[in-house]
> 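Pasting in a structure now, in structure tokens, and then I'll have a few things to ask.
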Amino acid sequence: MASNSANLWVLLGLGLAGILLMTKKFKKSIIRQDFGAFIEKLLLVPPPQPPPPKAPHPLTALTFAVSDLFEIEGYVSGFGHPEWAKTHQAASRTSLVVSTLVDGGATCVGKTVIDELAYSIHGENKHYGTPINPVVPARVPGGSCSGAAVAVAANLVDFSLGVDTVGGVRVPAGFCGVIGFRPSYGAISKTGVLPVSASLDTVGWFAKDPNILRRVGHVLLQPAFGGQRSPRQIIMAEDCFQLLKIPVDRVAQVVVNSTEKHFGRQVLKHEILDVYLNSKVPSLKEFHNKKKNGDVKTSSIRLLAYVMQLLHRYEFRSNHEEWINTEKPILEPDFSAQMNEIMKISEAEIELCKSIREEMRLAINSLLKDDGILVVPTMAYLPPKLDGKEILSEEYKSSSFSLLSIASLSGCCQVTVPLGYYDKCPVSVSLIARHGNDRFLLDTLQTMYASLQEQAETHVKSKSRNTDSGENSAEMAKEKGNQAFKEKQWKKAISYYNEAIKLNDKNATYYSNRAAAYLELGSFHQAEADCSKAINLDKKNVKAYLRRGTAREMLGYYKDAIEDFKYALVLEPTNKRASLSAERLRKVFPVGY
């Protein structure tokens with residue numbers, strides 16, 4: 001009898017263990033099915049369709065999700081932190097943008113995960129779990145609106161809403177391989193949306209289909225769309241593309257080919273944004289002198305990255321300092337350090353940052369006018385690995401925020417466009433239009449999207465076939481560049497050297513020649529980078545050492561400049577330029593050199 005009882009308990013125990021195991025597996029399967037994108041499921045259904053002959057609602061049959069920053073009546077907005085959710089009441093109203101979409105026929109199905117307090121661009125959240133990037137699960141999804149991007153990438157919804165402050169929509173769109181739209185600052189109401197940084201926040205959205213992206217724009221960007229028009233200039237920001245950590249032509253050439261197909265080669269322009277902004281944003285020089293004491297030159301777009309981060313931190317602290325001090329939530333160490341650091345920034349510096357922001361809008365609007373598109377990489381890096389050290393590096397932060405600062409500070413609209421894959425990771429490019437030209441940008445995207453995808457696929461296939469013919473064409477492009485250089489047409493020369501490099505990126509002379517043109521334009525960071533590439537390809541390239549020495553001297557890197565001139569003399573002992581330059585610097589900076 002005792003034996004039978006013992007057996008019964010064993011069977012019961014095994015049964016319970018099996019139930020628990022199945023429950024765990026079931027929970028894991030649920031997590032896999034929604035990729036950890038949702039923090040809460042809900043249902044907001046649209047009103048009944050109007051009777052004929054009236055047209056049906058424009059967003060009929062579409063589903064969408066919202067990031068956990070948007071108020072929905074009866075629900076608490078968690079702001080990416082459980083302490084926020086505990087210390088705030090359920091919303092008494094639904095945010096205007098969500099109501100507008102529901103009234104337009106779309107069904108809202110849930111709230112999605114965001115970074116802690118919507119602050120970071122990585123997409124990681126230790127409280128609610130990091131949403132899984134559906135296209136590269138071992139990589140970060142990007143933030144701050146990671147869950148919203150993941151929900152679209154995994155086909156869980158047709159579109160989703162996020163807030164883009166310093167990249168909250170653009171970055172996860174790029175990392176998850178979907179389209180992300182950041183509208184012009186102020187174009188869409190932020191009523192009922194938790195503030196992050198008041199002067200930078202915009203309500204944006206994600207979609208896989210450009211037609212859906214545009215349909216959402218029809219509803220949110222009132223009044224209704226007018227007639228479509230084509231861009232008259234598509235401007236490639238050459239120095240921005242030099243920040244890319246993958247081959248430049250993998251992104252740039254795709255855009256060039258698509259542009260030529262739709263609008264003709266005549267609309268393509270090339271701009272060194274660093275040079276343009278130095279002349280059009282005068283407060284940047286004052287900001288540089290205050291931060292660097294005028295000793296070391298920093299490119300204007302890297303300065304803009306710093307300006308944007310200062311405004312972001314200052315305005316975030318202004319919005320939420322009282323809550324942080326009262327509730328004392330456990331926050332990421334890096335975040336806490338930034339909040340403490342911003343207290344040391346003077347009001348005068350913040351006012352200078354605001355001046356730069358206003359000058360930036362005028363500068364970019366002037367560059368693009370009513371019919372221009374600026375083309376930049378969305379991010380310099382491929383999506384970093386989960387828990388990787390790359391996202392902590394200063395170079396990653398600087399290059400990322402440099403690219404993101406252009407639209408954030410100018411208030412212009414920007415769309416992130418996927419371009420397939422490189423090294424099994426999503427690749428994207430961004431198109432920027434002047435402030436208020438949102439409809440024009442959405443129209444341009446719709447025109448170019450299919451072609452951009454075709455060109456991206458063609459480029460990948462053709463890259464493996466191009467060999468000798470590319471080298472011959474590269475030499476021809478180089479010669480055209482040399483001729484333009486002789487005629488002192490520096491930008492034109494750079495565009496030809498770019499073409500040569502795209503055709504053959506293993507020739508040191510092309511980089512060295514482009515560096516010479518950059519020196520003439522005063523783009524010393526770009527010149528130094530090109531010379532370093534040339535030297536990596538050819539350790540005996542004397543001109544590359546001389547030009548890098550000149551660039552470093554102008555940047556204030558005097559010790560490195562002397563070393564370059566000295567090494568040029570080792571390679572070519574009779575080189576007078578190297579000798580004179582090294583001697584001049586030794587006389588001016590004798591100590592420690």
Side-chain angles (χ1 to χ4, degrees), residues 28 31-39 67 80 112-154 156 162 164 166-180 206 240-248 250-251 305 309 331-335 337-338 376-404 416-430 456 460:
K28 284 183 179 178
I31 291 170
R32 288 195 195 101
Q33 284 168 14
D34 78 356
F35 293 84
F38 286 91
I39 201 165
S67 297
T112 54
V113 175
I114 59 173
D115 287 26
E116 183 179 271
L117 305 180
Y119 191 79
S120 153
I121 61 169
H122 309 143
E124 297 175 304
N125 189 308
K126 66 182 181 183
H127 308 291
Y128 300 108
T130 298
I132 299 168
N133 189 329
V135 290
V136 270
R139 308 270 176 156
V140 300
S144 60
C145 298
S146 51
V150 166
V152 170
L156 304 176
D164 192 303
V166 296
V169 169
R170 292 166 289 169
V171 176
F175 283 178
C176 291
V178 299
I179 311 170
F206 303 89
C240 292
F241 278 99
Q242 295 311 309
L243 294 174
L244 273 174
K245 306 305 177 185
I246 64 172
V248 172
R250 175 60 187 83
V251 179
Q309 289 176 87
L331 300 168
E332 290 288 346
D334 189 46
F335 172 84
Q338 290 179 16
V376 300
T378 306
M379 291 287 280
Y381 287 74
L382 295 173
K385 293 178 180 178
L386 288 164
D387 301 317
K389 295 180 179 179
E390 191 174 53
I391 57 178
L392 302 175
S393 74
E394 285 305 315
E395 175 57 26
Y396 176 84
K397 294 175 186 176
S398 177
S399 59
S400 299
F401 287 127
S402 294
L403 295 169
L404 296 166
T416 296
V417 189
L419 294 179
Y421 297 85
Y422 179 86
D423 197 19
K424 299 181 180 179
C425 289
V427 175
S428 68
V429 73
S430 277
V460 172

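Keep in mind that this is a model prediction, so the values were computed, not measured.
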> Take Glu395 and Lys245, measure what salt bridge (Lys or Arg N to Asp or Glu O under 4.0 Å) needs, and give me the verdict at the end.
CA-CA 11 Å; Glu395 175 57 26; Lys245 306 305 177 185; 3.3 Å; yes
> Check whether any side-chain heavy atom of Leu386 lies under 4.5 Å from a side-chain heavy atom of Val140, and answer yes or no.
yes
> What's the spacing between Ser144 OG and Glu124 CD if we round to 0.5 Å?
13.5 Å
> Quick one, Thr112 and Cys145 - any side-chain contact, counting heavy atoms below 4.5 Å?
no
> For Ala173 versus Ala149, what's the shortest heavy-atom pair and its separation?
N-CB, 4.4 Å
> Which heavy atom of Pro172 sits nearest a heavy atom of Gly142, and at what distance?
CB-O, 3.5 Å
> Which residue pairs pass the side-chain hydrogen bond (donor to acceptor under 3.5 Å, both in side chains) test with at least one member in residues 378-387, sequence neighbours excluded?
Thr378-Ser428, Thr378-Ser430
> How far apart are the C-alpha atoms of Thr416 and Val178, what are their side-chain angles, what is the distance that settles it, and do they pass the side chain to side chain contact (heavy atoms under 4.5 Å, CB included) test?
CA-CA 8 Å; Thr416 296; Val178 299; over 6 Å; no
> If every non-hydrogen atom of Ala305 is compared with every non-hydrogen atom of Ser402, which pair is closest and at what distance?
CB-N, 3.5 Å
> Write down the atom of Val169, the atom of Gly162, and the distance for their closest heavy-atom approach.
CG2-C, 3.9 Å
> May I ask you to decide if Leu156's main-chain N or O and Asp34's side chain share a donor-acceptor pair within less than 3.5 Å?
no
> Could you measure the distance from the CD atom of Glu116 to the CG atom of Asp334? Nearest 0.5 Å is fine.
11.0 Å
> Donor-acceptor check, side chain of Asp115 to backbone of Ala118, threshold 3.5 angstrom: yes or no?
no
> Side chains of Ile121 and Met379, heavy atoms from C-beta outward: is any pair under 4.5 Å?
yes
> List the atom of Ile179, the atom of Pro418, and the distance in Å for their closest heavy-atom pair.
CG1-CD, 3.9 Å
> For a 4.5 angstrom cut-off between non-hydrogen side-chain atoms, does Ile246 reach Val251?
yes
> Hey, are the side chains of Leu331 and Leu117 touching, using non-hydrogen atoms and a 4.5 Å cut-off?
yes
> Just jot down the ring pair (Phe, Tyr, Trp, His ring centres under 6.0 Å) partners of Tyr119, sequence neighbours excluded, or say none.
His312, Phe316, Phe335
> Contact between Ser146 and Asn125 at the side-chain level, heavy atoms closer than 4.5 Å - yes or no?
no
> Distance from Phe175 atom CZ to Asn133 atom CG, nearest 0.5 Å?
9.0 Å
> Quick one, Thr130 and His122 - any side-chain contact, counting heavy atoms below 4.5 Å?
no
> Might you confirm whether atom NZ of Lys424 has over 12 heavy atoms from other residues, nucleotides or ligands at distances under 6.0 Å?
no
> Using a 3.5 Å distance criterion without hydrogens, assess whether the side chain of Arg139 forms a donor-acceptor pair with backbone atoms of Pro426.
no
> Please evaluate residues Val166 and Gln309 with respect to the criterion side chain to side chain contact (heavy atoms under 4.5 Å, CB included), reporting the C-alpha separation (whole Å), side-chain torsions for both, the decisive distance (0.1 Å), and the verdict.
CA-CA 8 Å; Val166 296; Gln309 289 176 87; over 6 Å; no
> Return the minimal non-hydrogen interatomic distance between Pro141 and Val150, and the atom names on each side.
CB-CG2, 3.9 Å
> With a 4.5 Å limit on heavy-atom distance, are the side chains of Cys176 and Phe206 in contact?
no
